[in-house]
Amino acid sequence: MAKVKTVHRCGACGATSPQWAGRCQTCGEWNSLAEERVETSPRSIGGAGPPPAVALPITTVDGARAEPVATAIAELDRVLGGGLVPGSVTLLGGEPGAGKSTLLLSAAAASARQGRRALYVSAEEGEHQVRGRAQRLGALEPELWLLAETVLPNVVAALDTVRPDLVVIDSIQTVVDPELGSAPGSVVQVRDCAHRFVQEARRRQMAVLLVGHVTKDGTLAGPRVLEHVVDTVLSFEGDRHHALRLLRAVKHRFGPTHELGVFEMTGGGLVGVTDPSGMLLADRRCGVPGSVVVPAIEGQRPLLVEIQALVTSSPLGRRSAQGVDPGRLSMLLAVLSERAGIPFGTSDVYVSAVGGVRLDEPGTDLATCLALASAHTGMAVAPTLVACGEVGLGGELRQVGQTPRRLAEAARLGFTHAIVPASAPNGVTGIDVRRVGSLAEAIALAGLEPIDSRGQEVPP
Ligand code: TYD
Ligand code: MG
């Protein structure tokens with residue numbers, strides 16, 4: 001019989017230490033160590049273990065194996081660089097309610113529709129629940145098989161009988177291997193079950209999709225080590241109060257990681273959005289102070305996003321940022337105060353990227369500053385104006401990547417004027433491009449120059 005000993009394992013990185021400590025020595029996470037009983041005799045997860053691999057000259061290796069197979073869900077295929085590679089394992093992470101189950105059930109049905117058998121393993125919901133959802137999604141396909149099961153060996157046994165080309169495990173945190181002895185969702189369970197699915201995917205040349213829950217702060221619940229085990233990590237994000245959902249590849253062994261998939265959550269499931277900018281701007285009210293549109297780039301995709309700011313007089317000086325980095329907002333407020341003469345010390349400041357989009361590229365700096373200046377002065381910018389550029393601590397503007405693509409998208413949606421940094425490249429038609437060197441110049445050009453109480457312009 002195997003010996004059992006007690007170790008303390010970090011819930012964030014999976015590292016173990018013999019003693020408990022307040023902080024993980026490997027990743028530095030606080031309060032992440034939990035006691036765990038492990039068998040000390042070596043144990044192979046896959047029973048007898050895979051046969052030894054054979055070394056080959058690289059030219060004789062079969063290249064066709066890495067060819068992706070389209071899922072027929074266009075936005076998913078775009079992010080995957082064509083589709084799912086047989087024998088690969090993809091992890092889809094997202095907060096509860098993001099739509100992970102909906103997306104992968106649709107992907108499984110699309111595979112089945114094309115004659116590639118799919119097995120959807122529901123380890124969270126019963127068959128009836130999944131069937132009900134499939135019916136609403138129009139996903140009742142004879143080649144889509146369903147298994148409501150949480151026990152790993154039973155799932156593997158079903159692979160033998162069903163012989164699917166594609167398997168969805170929903171979710172990896174709720175599958176358990178009883179042999180491991182630790183609780184469902186624990187680091188050991190999640191990691192070892194994922195390892196087993198990787199082995200099965202390779203051996204059977206089937207594509208495996210794992211659903212992984214992430215916590216509110218955006219980290220994958222359970223071990224980060226899971227990200228190293230799989231071939232591809234996708235993240236599905238979006239505010240549950242908004243319909244927009246963004247799909248990105250965080251890690252991808254078979255292709256680029258810069259593509260962005262855009263979906264809308266509707267009553268009939270997830271629908272791919274071909275014109276996300278148009279959708280994001282649909283409800284915009286023009287002529288309101290504090291609103292400026294930025295042509296942002298998400299992945300390779302230009303995305304026009306309205307940035308809104310609201311400034312109210314208050315001694316508390318509260319700051320609230322939605323979809324914009326709070327640290328970046330503090331920096332921009334300091335630059336506006338010191339380099340453009342617009343102080344916010346006695347105001348509450350609210351900034352929001354509309355539509356539940358999270359913007360984390362510096363190209364949004366200028367539009368954020370103009371929205372803040374507009375809210376501060378109570379004057380609206382021209383409704384047909386866009387602005388993009390990074391703002392430096394000296395109040396200077398710096399160019400950001402792909403300016404022509406950003407401006408072409410703005411022109412497509414009917415914007416006629418753009419404010420960009422002086423160094424931004426030429427070669428954009430259909431939009432009047434104004435180049436400026438500093439934030440103060442941009443504010444003046446947008447018609448937002450601060451006026452002091454005597455009605456005189458404050459020099460920047
Ligand atoms: P779900 O796929 O269950 O999310 P996850 O698996 O990531 O937790 O669905 C998320 C939400 O989407 C759920 O609250 C209900 C909503 N929804 C729709 O609006 N339309 C639909 O057709 C479906 C299936 C779900
Ligand atoms: Mg789900």
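Note: hydrogens, waters and symmetry copies are ignored here, and every other heavy atom, side chains too, is used. Please read these numbers as outputs of a predicted model, since none were measured by experiment. Counting starts at 1 for both ligands and their atoms, in listed order.
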Problem set entry | Location of contacts on Met265 toward ligand 1, heavy atoms closer than 4.0 Å | side chain
For this session: Report the part of Thr266 (side chain from C-beta onward, or backbone N, CA, C, O) that has a heavy atom under 4.0 Å from ligand 1; answer both or neither where that applies.
Result: backbone
For this session: Show your reasoning for whether side-chain hydrogen bond (donor to acceptor under 3.5 Å, both in side chains) applies to Thr71 and Asp77.
Result: CA-CA 6 Å; Thr71 64; Asp77 289 337; 2.8 Å; yes
Give the residue, atom name and distance (to 0.1 Å) of the protein heavy atom nearest [atom].
| atom | value |
| --- | --- |
| atom 4 (O) of ligand 1 | Gly99 N, 3.1 Å |
| atom 6 (O) of ligand 1 | Ser101 OG, 2.7 Å |
| atom 22 (O) of ligand 1 | Gly269 N, 2.8 Å |
| atom 3 (O) of ligand 1 | Arg133 NH2, 3.1 Å |
| atom 1 (P) of ligand 1 | Thr102 OG1, 3.5 Å |

Which ligand 1 atoms, with their elements, are less than 4.0 angstrom from a heavy-atom of [X]?
| X | answer |
| --- | --- |
| Pro96 | 8 (O) |
| Gly267 | 20 (N), 21 (C), 22 (O) |
| Leu137 | 22 (O) |
| Gly268 | 22 (O) |

Between [Y] and [X], does any NZ, NE, NH1 or NH2 come within less than 4.0 Å of an OD or OE carboxylate oxygen?
| X | Y | value |
| --- | --- | --- |
| Asp177 | Arg196 | no |
| Asp165 | Arg116 | no |
| Glu75 | Arg301 | yes |
| Glu143 | Arg113 | no |
| Glu125 | Arg133 | yes |
| Glu35 | Arg9 | no |

Exercise. Is Lys100 close to ligand 1, meaning an N/O of one under 3.5 Å from an N/O of the other?
Worked result: yes
Problem set entry | side-chain hydrogen bond (donor to acceptor under 3.5 Å, both in side chains), paired with His213, selected from Glu95, Glu124, Gln173 | Glu124
Problem set entry | Greater than 12 external heavy atoms within 6.0 Å of Arg412's CZ | yes
Exercise. Does Arg163 CZ have over 12 foreign heavy atoms under 6.0 Å away?
Worked result: no
For this session: Using a distance threshold of 4.0 Å (strictly less than), state whether atom 14 (O) of ligand 1 has a protein heavy-atom neighbour.
Result: no
Problem set entry | atom 24 (C) of ligand 1: any protein heavy atom closer than 4.0 Å | yes
Exercise. Hey, is there an N, O or S on Ser171 sitting under 2.8 Å from the Mg ion (ligand 2)?
Worked result: no
Exercise. Evaluating non-hydrogen atoms only, which member of Gly97, Gly93, Gly94 is closest to atom 10 (C) of ligand 1?
Worked result: Gly97
